[in-house]
Each structure stands twice: as C-alpha cells, then as structure tokens.
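See below for the structure under consideration.
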Amino acid sequence: MSDSDLIGAAREARRRAYAPFSHFKVGAAIEASDGTIVTGCNIENASYGLTMCAERVAIFKALSEGHRRFRRIAIVTGAVSPTPPCGACLQVLWEFGGDLEVILANLRRETGRHRLSELLPRPFDARSLR
Ligand code: THU
C-alpha cells in the first residue's frame, strides 16, 4: 500500500472518531509487517480520562488480532500544523513498533514524517528493566 493510501485509510477511520467533548477527531492506520492495515480512531468518554487515542486503538486492535511487528503508522487530524502522537501513544508504539515510520497528515496534505526514535529519543523499554 502506498503512503497516500495509508493516509487515506487513516482519514477514513477519522470519520468514525467519537470526540463530542474535544471535537478533535483523529484517525490512524498502522501497517503490520505482513502488510495488513489496521485502523483506529479516538474514542472519548464523559469521564474524560478514559479517552483512548486513535493510535492506541489501532495498535491494540492489531495486537489483539495477532500482529506483533509493524512498519508504518499514518495519523490524520484536522489541524493545520503537524500533530505527532501523544507521549502515551509513543510509549505503546515503541513497545511493539520498534523504530517505525510515523506519517502525519491533515485533511489536505502530509504534514510530517519521522522515525519513532526521533519522536521518542530516550525510551523506557524492556532493556531498562534489566
Ligand atoms: N488524541 C489522539 O487520538 N491521539 C493523540 O496522539 C493525541 C490526542 C485524541 C484524544 C482526544 O480525544 C483528542 O485527541 C484531544 O486530545
């Protein structure tokens, strides 16, 4: 799948976001190592802290379906400026994604492209537990 198709899948997932409190809709599409694409959107809750980000919905769905390694994730928001994943999502992506490619986009264009290690340069991970 091309980068623009992956962005398209994230944009489509964003339409299913449940964001009545922030009105900030996010869509994500993650590509597993076998090429499978799994999407997610943010899901808010009246108890705000229970909200789940689009990136974690996507990777948790993929993990629950048996995928363990990932290549790329595309994230789409409605913001003009680039919107990288929040710290919690970076941490979860690092656990399973390794140094995956993070493609950022809004509804009009790609807004950024990073390696996960660039966004989370000093990660806490299993090696830290030794
Ligand atoms: N959100 C995400 O879905 N992904 C992020 O990485 C940052 C924030 C969601 C959570 C909440 O529903 C809304 O965006 C505003 O923070």
Side-chain angles (χ1 to χ4, degrees):
M1 179 179 268
S2 70
D3 286 351
S4 63
D5 286 346
L6 194 68
I7 291 169
R11 188 179 298 126
E12 189 62 26
R14 180 182 175 275
R15 296 177 57 204
R16 296 186 286 277
Y18 175 72
F21 307 108
S22 74
H23 304 289
F24 190 77
K25 296 183 171 191
V26 186
I30 193 163
E31 180 187 52
S33 54
D34 69 354
T36 303
I37 307 298
V38 181
T39 63
C41 59
N42 55 328
I43 301 170
E44 298 187 345
N45 192 278
S47 179
Y48 297 168
L50 301 183
T51 291
M52 183 57 66
C53 293
E55 296 90 325
R56 275 177 290 157
V57 170
I59 194 168
F60 288 152
K61 280 172 64 184
L63 289 163
S64 74
E65 290 168 16
H67 301 287
R68 282 292 183 272
R69 299 197 59 76
F70 304 93
R71 291 180 189 147
R72 295 179 293 169
I73 185 169
I75 300 152
V76 173
T77 73
V80 176
S81 53
T83 48
C86 79
C89 289
L90 292 173
Q91 180 69 22
V92 171
L93 290 169
W94 182 259
E95 182 82 15
F96 299 100
D99 198 12
L100 83 175
E101 187 169 34
V102 180
I103 301 164
L104 309 176
N106 62 23
L107 301 179
R108 300 168 60 99
R109 61 178 180 86
E110 186 179 312
T111 54
R113 189 175 283 258
H114 306 273
R115 305 304 300 198
L116 189 56
S117 58
E118 187 189 338
L119 300 173
L120 190 67
R122 297 285 304 275
F124 178 89
D125 59 23
R127 285 168 295 193
S128 314
L129 297 171
R130 284 190 202 131

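Computed from heavy atoms alone, side chains included, the values below leave out hydrogens, waters and symmetry copies. Since the structure is predicted, the reported quantities are computational estimates derived from the model, not experimental observations. Numbers here are sequence positions counted from 1. First listed ligand is number 1; within each ligand, the first listed atom is number 1.
Nearest protein heavy-atom contact of atom 16 (O) of ligand 1 is Phe24 CD2, 4.7 Å. Counting protein heavy atoms only, atom 10 (C) of ligand 1 is closest to Thr51 CG2, 3.9 Å. Counting protein heavy atoms only, atom 9 (C) of ligand 1 is closest to Asn42 ND2, 3.5 Å. Given atom 15 (C) of ligand 1, the protein heavy atom at minimum distance is Ser22 OG, 3.7 Å. Closest protein heavy atom to atom 3 (O) of ligand 1: Ala54 N, 3.0 Å.
When heavy-atom distances to ligand 1 are checked against a 4.0 Å cut-off, Cys53 comes that close through both its backbone and its side chain.
Hydrophobic clustering, with ILVMFWY side chains joined whenever heavy atoms are under 4.5 angstrom apart, keeps Val26 apart from Ile7.
The distance from the CD atom of Glu110 to the CG atom of Asp3 is 6.5 Å, given to the nearest 0.5 Å.
Using a 3.5 Å distance cut-off with no hydrogens or angles, the side chains of Asp34 and Thr36 do pair a donor with an acceptor.
Ligand 1 lies less than 4.0 angstrom from a heavy atom belonging to Pro85.
Residue-ligand proximity, Glu44 to ligand 1, at heavy-atom distances under 4.0 Å covers atoms 11 (C), 12 (O), 13 (C).
In this structure the side chain of Val38 never reaches within 4.5 angstrom of the side chain of Phe60, judged on heavy atoms.
Panel note: side chain Glu44, backbone Ser22; a donor-acceptor pair is recorded below 3.5 Å.
Within 6.0 Å of CZ in Arg68 there are more than 12 heavy atoms belonging to other residues, nucleotides or ligands.
For a threshold of 3.5 Å applied to N or O pairs, the pair formed by Cys86 and ligand 1 contains at least one separation below that value.
Proximity annotation for atom 5 (C) of ligand 1: of Arg56, His23, Glu55, Glu55 comes nearest, heavy atoms only.
A side chain to side chain contact (heavy atoms under 4.5 Å, CB included) with Ile30 holds for exactly one of Leu100, Leu6, Thr39; it is Leu100.
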